[in-house]
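Residues take their numbers from the sequence shown, with the count starting at 1.
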Amino acid sequence: YSSCPQPGGGEDFRCQGMSKAMQRKRRVIPASFSRSRHCRPSLLAGVPEAGTAGQAPTSLAVLLADDVRANRALLETYLARAGHRTVAATSGIEAVAAAQAERFDVILLDLNMPGLDGAAAARLIRSGTGPNRRTPILALTAGMEAADREQALAAGMDAYLTKPISEAELLQALAARAEAPPAMVG
């Protein structure tokens, strides 16, 4: 990954030299990605090493579903630097399929995906017979309306995170949810 400063502040994140594993729709990003040749040192300035305060104490298996490539890339980078294994999905349908096929410690679902949105995906995961019926599910959204939060919680999601989310906020939410019992849909 590389970053380019943008007018008015912020950075544009880009992927260079993507491996075949990263080009697949359902990618597994190894924990060894952390602080490796894949990240430009400027991206890591001021970021604590894995195993420091504010992050989950152990490596987690995380399912991440977001239809926006830049959002997925940024969140995958945060998770990899913290030593977590990530499976990425680009839609709610892919997320449900992954959740039925493999056990995860935490699921991150964007609420606003085309087709099957995050709330509908969460309901299907919770009502299914797969290994993630009771896995903590965290909603990701740019929406700040109370109705968005209520929709996420009613769908059986355990927490509601507003984008843009910082690395520290994400890791703190993962640490809290990895230990908490999941929400149940009635």
Can you tell me how far [atom2] of [Y] sits from [atom1] of [X], rounded to the nearest 0.5 angstrom?
| X | Y | atom1 | atom2 | answer |
| --- | --- | --- | --- | --- |
| Leu124 | Asn132 | CG | CG | 13.0 Å |
| Ile125 | Thr135 | CD1 | OG1 | 8.5 Å |
| Leu140 | Tyr160 | CG | OH | 10.0 Å |
| Thr162 | Asp148 | OG1 | CG | 8.5 Å |
| Leu174 | Leu138 | CG | CG | 6.5 Å |
| Leu170 | Leu64 | CG | CG | 9.0 Å |

What pair of heavy atoms forms the shortest contact from [X] to [Y], and how long is it?
| X | Y | value |
| --- | --- | --- |
| Ser59 | Asp105 | O-OD2, 4.3 Å |
| Pro131 | Arg103 | O-CD, 3.2 Å |
| Leu171 | Ala82 | CD2-CB, 3.6 Å |
| Ala173 | Leu161 | CB-CD2, 3.8 Å |
| Ala95 | Ala65 | CB-CB, 3.7 Å |
| Leu153 | Ala159 | CD2-N, 4.4 Å |

Using atom types as modelled and distance alone, determine if a side-chain donor or acceptor of [X] lies under 3.5 Å from a backbone N or O of [Y].
| X | Y | result |
| --- | --- | --- |
| Arg123 | Ala155 | no |
| His84 | Leu79 | no |
| Gln100 | Ala97 | no |
| Arg126 | Ala121 | no |
| Asn71 | Asp66 | no |

Margin query: Run Leu109 and Ile137 through side chain to side chain contact (heavy atoms under 4.5 Å, CB included) and show every step you take.
Written below: CA-CA 7 Å; Leu109 293 176; Ile137 301 175; 3.7 Å; yes

Note to self: Do Leu116 and Ser91 have side chains that approach each other closer than 4.5 Å (heavy atoms only, starting at C-beta)?
What the structure shows: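 The answer is no, as the side chains (C-beta and beyond) never meet within the 4.5 Å cut-off.
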
Check: Got Glu102 and Val87 here, is their nearest side-chain heavy-atom distance under 4.5 Å?
Finding: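 A side-chain contact exists here, since the closest heavy-atom pair is under 4.5 Å.
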
Notebook entry, point to check: When clusters are formed by joining ILVMFWY residues with side-chain heavy atoms under 4.5 Å apart, either directly or through shared neighbours, do Met113 and Val96 land in the same one?
Noted result: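 Looking at the clustering, Val96 is in a separate group from Met113.
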
Item checked: Summary of side chain to side chain donor-acceptor pair (under 3.5 Å) pairs that have at least one residue in residues 107-119, sequence neighbours excluded ->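 Sorted pair list: Asp110-Lys163, Asn112-Thr141.
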
Checklist line | side chain to side chain donor-acceptor pair (under 3.5 Å) partners of Thr129, counting only residues at least two apart | finding: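 Expected list: none.
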
Next item on the list: Please lay out, stage by stage, how Val68 and Arg72 fare under the test side chain to side chain contact (heavy atoms under 4.5 Å, CB included).
Entry: CA-CA 6 Å; Val68 178; Arg72 281 192 318 274; 5.7 Å; no

Check: Charged N to carboxylate O below 4.0 Å: is that the case for Asp158 and Arg134?
Finding: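 Here Asp158 does not pair with Arg134 in a salt bridge, since their nearest N and O are not under 4.0 Å apart.
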
Next item on the list: Would you sort out whether Glu145 and Glu150 count as a side chain to side chain contact (heavy atoms under 4.5 Å, CB included), showing the intermediate values?
Entry: CA-CA 9 Å; Glu145 301 293 323; Glu150 291 169 14; over 6 Å; no

Note to self: Checking Thr90 against Arg69: is there a side-chain donor and acceptor pair closer than 3.5 Å?
What the structure shows: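 Looking only at side-chain atoms, Thr90 and Arg69 do not form any donor-acceptor pair under 3.5 Å.
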
